[in-house]
Amino acid sequence: MDTDQHNIDLKKLPKHIAIIMDGNGRWAKSRNQVRVFGHKNGVNSVREVTEACAELGVQYLTLYAFSTENWDRPKFEVNTLMKLLVDTLKKEINTLNKNDISLQAIGDLSKLPEKTRKALLEGIEATKTNSRMKLILALNYSSKWEIAECIKKIAIQYADGVLDLQDINDKCICENLETKGIPDPELMIRTSGEQRISNFLLYQLAYAELYFTETMWPDFNKAALYKAIENFQERERRFGKTSEQLKNA
Ligand code: IPE
Ligand code: IPE
Ligand code: MG
């Protein structure tokens, strides 16, 4: 099958897709390999899905790469993941530039190992003028952390007298989240069969369509992405209204 074939309506493309890339460990285990073998293979899916999104015209792609809870994994796995990030970021800058993709990160970057943070900041700097798509890596990210930080920022502005109580609303909250300036994801994909959010973009996913697939992340490819977007396009997004209202609009 031609993997470029799809039935996606390009006029109704989600602007922002967010993905919980899950199942690397189980993918490796099912091949009698160590977990980190799965992470290494997961990089190919990152490349393929990123390129596919850019080719389609998706404007923002957020990938959950490491949660604050993932620090609790065995030390060897955490260290390997952090090294893999450095290698991947260095290797993929050319691909990002070739595809006119700019890199961004959300999460508490101050807690990342120095080498990982450096590679990340270099990647962000080297791609900052690219404009076709934004690739946002959620790294040492957790939604509860992000929301607490957001509340702190708002509290400071209120205490300083630069923000009135009645101006604390959705717009104000969005401006103080890590995702400032980024529209909410319309589609959230999670691979590996788990059906949970795992502390990912809790606020921003308020009205996202959730898509769960049994496919493990290292097996998630272009065709699987197309299937998820096609499924998204079959849904009726009502935003609280009735189906009739939408049909008559
Ligand atoms: C996702 O795969 C990658 C990260 C969380 C970094 P997992 O490593 O969670 O794989 P499973 O869920 O154990 O199979
Ligand atoms: C979520 O996957 C985090 C990332 C994909 C980076 P996990 O595998 O850590 O999630 P849980 O712990 O199974 O919910
Ligand atoms: Mg997992």
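Indexing begins at 1, ligand by ligand and atom by atom, following the structure's order.
Near His39, meaning under 4.0 Å from one of its heavy atoms, ligand 1 places the atoms 3 (C), 8 (O). Applying the 4.0 Å criterion to heavy atoms of Arg196 picks out, from ligand 2, the atoms 11 (P), 13 (O), 14 (O). Interface of Ile20 with ligand 2, defined as ligand atoms under 4.0 Å from a residue heavy atom, comprises 1 (C), 5 (C). Per-residue contacts place Ala65 under 4.0 angstrom from the following atoms of ligand 1 (heavy atoms of the residue considered): 6 (C). Residue-ligand proximity, Phe66 to ligand 2, at heavy-atom distances under 4.0 Å covers atoms 6 (C). Here is the list of ligand 1 atoms found below 4.0 Å of a heavy atom in Arg26: 11 (P), 12 (O), 14 (O).
Glu178 contributes no side-chain N or O that, together with a main-chain N or O of Glu146, makes up a donor-acceptor pair within less than 3.5 Å. Using a distance-only test at 3.5 Å, with no hydrogens or angles considered, a donor-acceptor pair links the side chain of Thr191 to the main chain of Asp22. Put simply, the side chain of Asn199 gets close to the backbone of Lys144: a donor and an acceptor are under 3.5 Å apart.
The pair Lys247-Glu236 counts as a salt bridge, with a side-chain nitrogen and a carboxylate oxygen less than 4.0 angstrom apart. In summary, Arg47 and Glu51 do not engage in a salt bridge, as defined by a charged side-chain N under 4.0 Å from a carboxylate O. Taking the charged nitrogens against the carboxylate oxygens, Lys222 and Glu55 do have a contact shorter than 4.0 Å, which makes a salt bridge.
For the Mg ion (ligand 3), protein N, O or S atoms under 2.8 Å: 1 in total.
Of the N or O atoms in Asn70, one or more lie within a sub-3.5 Å distance of an N or O in ligand 2. Residue Asp22 has at least one N or O atom closer than 3.5 Å to an N or O atom of ligand 1. Of the N or O atoms in Tyr64, none lie within a sub-3.5 Å distance of an N or O in ligand 2.
Remark: distances from the non-hydrogen atoms of Met216 to ligand 1 are all 4.0 Å or more. Ligand 1 lies out of reach of Ser192, whose nearest heavy atom is not under 4.0 Å from it.
With a 4.5 Å cut-off on side-chain heavy atoms, Cys53 and Ile17 count as touching.
Atom 2 (O) of ligand 2 has as its closest protein heavy atom Arg190 NH2, 3.6 Å.
More than 12 heavy atoms of other residues, nucleotides or ligands sit less than 6.0 Å from atom NZ of Lys153.
No donor-acceptor contact under 3.5 angstrom links the side chains of Asp167 and Tyr158, judged on distance only. One side chain, Lys134 or Gln104, offers a donor N or O that lies under 3.5 Å from an acceptor on the other. Asn41 and Asn24 are not linked by any side-chain donor-acceptor pair at a separation below 3.5 angstrom, with hydrogens and angles left out of the test.
Taken to the nearest 0.5 Å, the CG atom of Leu56 stands 6.5 Å off from the CG atom of Leu225.
Within the 4.0 Å heavy-atom criterion, neither part of Lys29 lies near ligand 1.
Selection from Met21, Glu194, Arg73 by nearest heavy atom to atom 9 (O) of ligand 1 gives Arg73.
Protein heavy atoms are found less than 4.0 angstrom from atom 11 (P) of ligand 2.
Taking the side chain to side chain contact (heavy atoms under 4.5 Å, CB included) definition, one finds that Lys11 meets it with Asp9, sequence neighbours left out.
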